[in-house]
Amino acid sequence: MLDLKYIRQHPEIVKAGAAKKRIPCDVDRILELDRQVRALSQEIDAMRSQQKEAGKRISAAPPEERPALAEAQKELKARLKEGEARDSSLREELEALLLRVPNVPADDVPDGDDDGDNVELRRVGDPPSFSFAPRSHIELGQMHDWLDIERGARLAGSRNYVLKGDLALLENAVLRLAVDTMVAKGFTPLSVPTLVRTETMVGTGYFPGGEDQAYRCDERDDLCLVGTAEVPITALHQGEILDGECLPLRFVAQSTCYRREAGTYGKDTKGLYRVHQFQKVEQVILDVNDEARSLEHHQAILRNAEELLQALELPYRVVNVCGGDLGQPQIQKFDIETWMPSREGYGETHSASRFHEFQARRLGLRYRGEDGKVRFCHTLNNTVAASTRMLIALLENHQLEDGRVRVPAPLRPYLGGREVLPG
RNA sequence: GGAGAGGUGGCAGAGCGGCUGAAUGCGCCACAUUGCUAAUGUGGUGUCCCUUCACGGGGACCCCGGGUUCGAAUCCCGGCCUCUCCGCCA
């Protein structure tokens, strides 16, 4: 959420930002409502002040005079009530609009309509050139009885799967490596709920707007399954005023991620690329309200992911996501796309975002600075490793001619020292 | 799931329906005093909105949302959460 004062002072910047993101946003209506709310609240405050004065006079008056004085206040009470009703309906409309105002993208976010306009920043590692016909992760999975998509679908519907044997172990190995790597960098490991209140989804910017992408409980429980651990981690300290001394907070958590993938029918229907449930290790940073530090963190969390990919010997590229492909909350986002031979291209595996105070403002996540002032935090996050897409990349990039798969060195300790799977 | 208790400022903990944005203690900050530290004394110590060039002024907030009342932290209803006991269970 943007500061209403900021919108009031810089309406053109907000409008231009929304246009760059291709997100419709009626800034003028917001400004109009803001004017009305402020004018009305002045009236209401004056009436309340009057009412308080009258209350004091009544309490000071002799008991026999009180009924008459109280009677005289009834008209004011009625007017106040009417004003408050108008006030709350205006505020309700204003709030609903404010929740949908997109964060203003950074200047170096490229212009563009969709992911086709994202700008490649760098490529690291060369896609493998095979001396044989490479197999897809699906073929490799079936060949070794590692992957059961038919039964996954029978259990849980389309876009579900079962990992078996060494592939199940490999999943755990990648996740553990990811967590351990981040802990070694000083991140605090968390184990967090994946079922959260709707309020938490709103606070992190997924709602309103992303309802179709989330699984929600029925009306008995006001709970949603998260699509990423970003949600519970970022919201961990919602509603708090943190001691500035304890910042930055760096967290890492592995969680199951649930995605409805509404509107993707017919897209990436085969294999593990687009599924309803997977495991992911996520890194989140909460820090003071400082642009320079935010930028540093953004580079750091991007680097953390790149280092992991390099250690796993996976070729990837980094793209600067364009305006039209950015979500509502982000200031800027860098995606990492890892080479996937079966796609004959790069597939998104990581997404590093910075939000400025957008999420913190919605969450009521603040801190007290050295000067004693209370400010909203800055938040950032990035993937460390998402299970299924990492498995695709590992199987397909490191496959051998006989269908076995080479295990990159950092994963071996988690697989009993094995250098090749199966084996 | 059944029965009870409770949610007040950084923490602990008072609070008759008006004089309570809130006693008191601890913590914290400033100043004073003392070789240093400790101890002691004095003062200060919430968040947010509107308004003002400024000094200042007005308002909201005692878990959240409704209600009663001229007036609610205080009474009533609903929700959320915590604790105790019983039941059930990984």
Side-chain angles (χ1 to χ4, degrees), chain A residues 1-9 30-99 191-203 207 216-224 232 235-247 249 256 288-289 357-358 360-377:
Chain A
M1 188 153 62
L2 292 179
D3 185 0
L4 185 50
K5 273 185 216 148
Y6 181 85
I7 300 176
R8 202 183 289 151
Q9 285 158 9
I30 288 171
L31 294 177
E32 175 54 29
L33 282 168
D34 175 44
R35 270 190 290 275
Q36 291 180 21
V37 164
R38 277 187 296 157
L40 184 55
S41 80
Q42 281 185 56
E43 285 177 39
I44 289 174
D45 283 356
M47 281 192 272
R48 283 189 182 137
S49 178
Q50 238 179 295
Q51 190 182 51
K52 280 188 167 179
E53 282 304 316
K56 279 181 191 159
R57 268 184 279 116
I58 291 171
S59 68
E64 64 274 16
E65 289 178 22
R66 287 185 189 179
L69 287 169
E71 189 61 31
Q73 282 311 110
K74 289 214 162 153
E75 190 258 347
L76 176 65
K77 184 190 179 180
R79 271 198 298 141
L80 225 184
K81 198 164 184 178
E82 196 185 312
E84 282 172 340
R86 255 196 308 147
D87 182 64
S88 66
S89 86
L90 284 175
R91 281 178 196 274
E92 208 174 295
E93 183 183 352
L94 180 58
E95 182 71 11
L97 288 174
L98 278 176
L99 281 175
S191 177
V192 290
T194 51
L195 205 46
V196 302
R197 291 204 154 111
T198 300
E199 161 195 306
T200 303
M201 297 296 283
V202 174
F207 292 177
R216 310 180 77 173
C217 289
D218 63 32
E219 54 299 329
R220 288 176 302 173
D221 300 289
D222 178 34
L223 297 170
C224 307
L236 181 65
H237 290 289
Q238 68 187 113
E240 296 182 35
I241 298 176
L242 300 169
D243 180 355
E245 302 268 307
C246 75
L247 297 172
L249 288 172
T256 307
V288 296
N289 197 307
E357 61 179 45
F358 190 87
R361 182 177 289 278
R362 290 170 166 241
L363 289 165
L365 170 60
R366 295 175 293 174
Y367 70 98
R368 192 180 304 279
E370 280 176 15
D371 56 1
K373 286 227 171 73
V374 173
R375 296 189 182 80
F376 288 104
C377 292

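Both backbone and side-chain heavy atoms feed into the values below; hydrogens, waters and symmetry mates do not. Here is the naming used below: chain letters follow the sequence lines, and residue numbers restart at 1 for every chain.
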Exercise. Rounded off to whole Å, could you give me the CZ-to-P distance for the A/R220 and B/G79 pair?
Key: 17 Å
Quiz item: P atom, B/G13 versus B/C19: distance in rounded Å?
Solution: 26 Å
Self-check item: Of A/K52 and A/R66, the one whose closest RNA chain B nucleotide lies more 5'
Solution: A/R66
Exercise. Rounded to whole angstrom, note down the C1' distance from B/A39 over to B/C50.
Key: 47 Å
Quiz item: Between B/G58 atom P and A/M47 atom CE, what is the distance in whole Å?
Solution: 17 Å
Quiz item: Watson-Crick or G-U wobble partner for B/G18, using a 3.5 Å limit on both distances?
Solution: B/C70
Quiz prompt | Pairwise P distance for B/A32 and B/C55, with rounding to whole Å | solution = 27 Å
Practice problem: Using Watson-Crick or G-U wobble geometry with both distances below 3.5 Å, tell me the partner of B/C89, or none. | Solution: none
Quiz item: Taking any strand in view, what nucleotide pairs with B/A32 in a Watson-Crick or G-U wobble way, both distances under 3.5 Å?
Solution: B/U40
Practice problem: Calculate the interatomic distance between A/L33 atom CG and B/C49 atom P; express it in whole Å. | Solution: 18 Å
Quiz item: Which whole number of Å gives the distance between the P atom of B/A5 and that of B/A90?
Solution: 32 Å
Quiz item: Is there a side-chain polar atom (N or O) of A/K81 under 4.0 Å from OP1 or OP2 of B/U69?
Solution: no
Quiz item: Does OP1 or OP2 of B/C70 have a side-chain N or O of A/K74 closer than 4.0 Å?
Solution: yes
Quiz item: Is there a donor-acceptor contact under 3.5 Å from the side chain of A/R362 to the main chain of A/V202?
Solution: yes
Quiz prompt | Salt bridge flag under 4.0 Å for residues A/D3 and A/K5 | solution = no
Quiz item: Counting just side-chain N and O atoms, does A/K56 come under 4.0 Å of either OP1 or OP2 of B/G71?
Solution: no
Quiz prompt | Under-4.0 Å salt bridge between A/R35 and A/E32 | solution = yes
Self-check item: SB check A/E357 A/R361 (cutoff 4.0 Å)
Solution: yes
Exercise. For B/C86 versus B/A14, give the span between their P atoms, rounded off to a whole number of Å.
Key: 27 Å
Quiz prompt | Side chain of A/S49 - closest among B/G18, B/U51, B/G58 | solution = B/G58
Quiz item: Between A/K373 (NZ) and B/C48 (P), how many Å, whole number?
Solution: 11 Å
Self-check item: C1'-based separation of B/G44 from B/G9 [nearest Å]
Solution: 15 Å
Quiz item: Any idea which of B/U69, B/C81, B/C48 is nearest the A/R197 side chain?
Solution: B/C81
Exercise. Return the nucleotide paired to B/C61: Watson-Crick means purine N1 to pyrimidine N3 with N6-O4 or O6-N4, wobble means G-U with N1-O2 and O6-N3, both under 3.5 Å.
Key: B/G46
Quiz item: Salt-bridged, A/E84 to A/R48, with N to O below 4.0 Å?
Solution: yes
Quiz item: Checking A/R366 side chain against A/V374 main chain: does a donor-acceptor pair fall under 3.5 Å?
Solution: no
Self-check item: Candidates B/C70, B/A60, B/C49 - which lies nearest the side chain of A/K5
Solution: B/C49
Quiz item: Can A/R8 and A/D34 be counted as an ion pair, charged N to O under 4.0 angstrom?
Solution: yes
Quiz prompt | Candidate nucleotides B/U47, B/A60, B/U51, ranked by approach to the side chain of A/R48 - the nearest | solution = B/A60
Self-check item: Candidates B/U47, B/U51, B/G18 - which lies nearest the side chain of A/I241
Solution: B/U47
Quiz item: Using a cut-off of less than 4.0 Å, is there contact between a side-chain N or O of A/R91 and OP1 or OP2 of B/C49?
Solution: no
Self-check item: A/R57 vs B/G18: side-chain N/O to OP1/OP2 distance below 4.0 Å
Solution: no
Practice problem: Take the protein atom CD of A/E53 and the nucleotide atom P of B/C19, then report the distance between them rounded to whole Å. | Solution: 12 Å
Quiz item: A/R8 side chain N/O closer than 4.0 Å to the phosphate oxygens (OP1, OP2) of B/C50?
Solution: yes
Quiz prompt | Nearest-Å distance once atom P is located in both B/C75 and B/C62 | solution = 14 Å
Quiz prompt | Out of B/G18, B/G71, B/A60, whichever nucleotide has its closest atom nearest the side chain of A/Q51 | solution = B/G71
Exercise. Mind running side chain to side chain contact (heavy atoms under 4.5 Å, CB included) on A/L98 and A/I7 for me, showing each step along the way?
Key: CA-CA 10 Å; A/L98 278 176; A/I7 300 176; 3.5 Å; yes
Exercise. Just name whichever nucleotide pairs with B/G6, Watson-Crick or G-U, keeping both distances under 3.5 Å, else none.
Key: B/C81
Quiz item: Are any of A/R366's side-chain N or O atoms less than 4.0 Å away from OP1 or OP2 of B/U47?
Solution: no
Quiz item: In whole Å, what is the span from the CD atom of A/E95 to the C1' atom of B/C49?
Solution: 14 Å
Exercise. Quickly work out the A/E43 CD to B/C49 C1' distance and round it to whole Å.
Key: 16 Å
Exercise. Please tell me which of A/R375 and A/L69 maps to the more 5' nucleotide of RNA chain B, matching each residue to the nucleotide holding its nearest heavy atom.
Key: A/R375
Practice problem: Check if the side chain of A/D45 and the base of B/G58 share a donor-acceptor pair of N or O atoms closer than 3.5 Å. | Solution: yes
Quiz prompt | P spacing across the pair B/C36 / B/U45, given as an integer number of angstrom | solution = 29 Å
Self-check item: Nearest-Å distance for atom pair CD/P, residues A/Q50 and B/G71
Solution: 13 Å
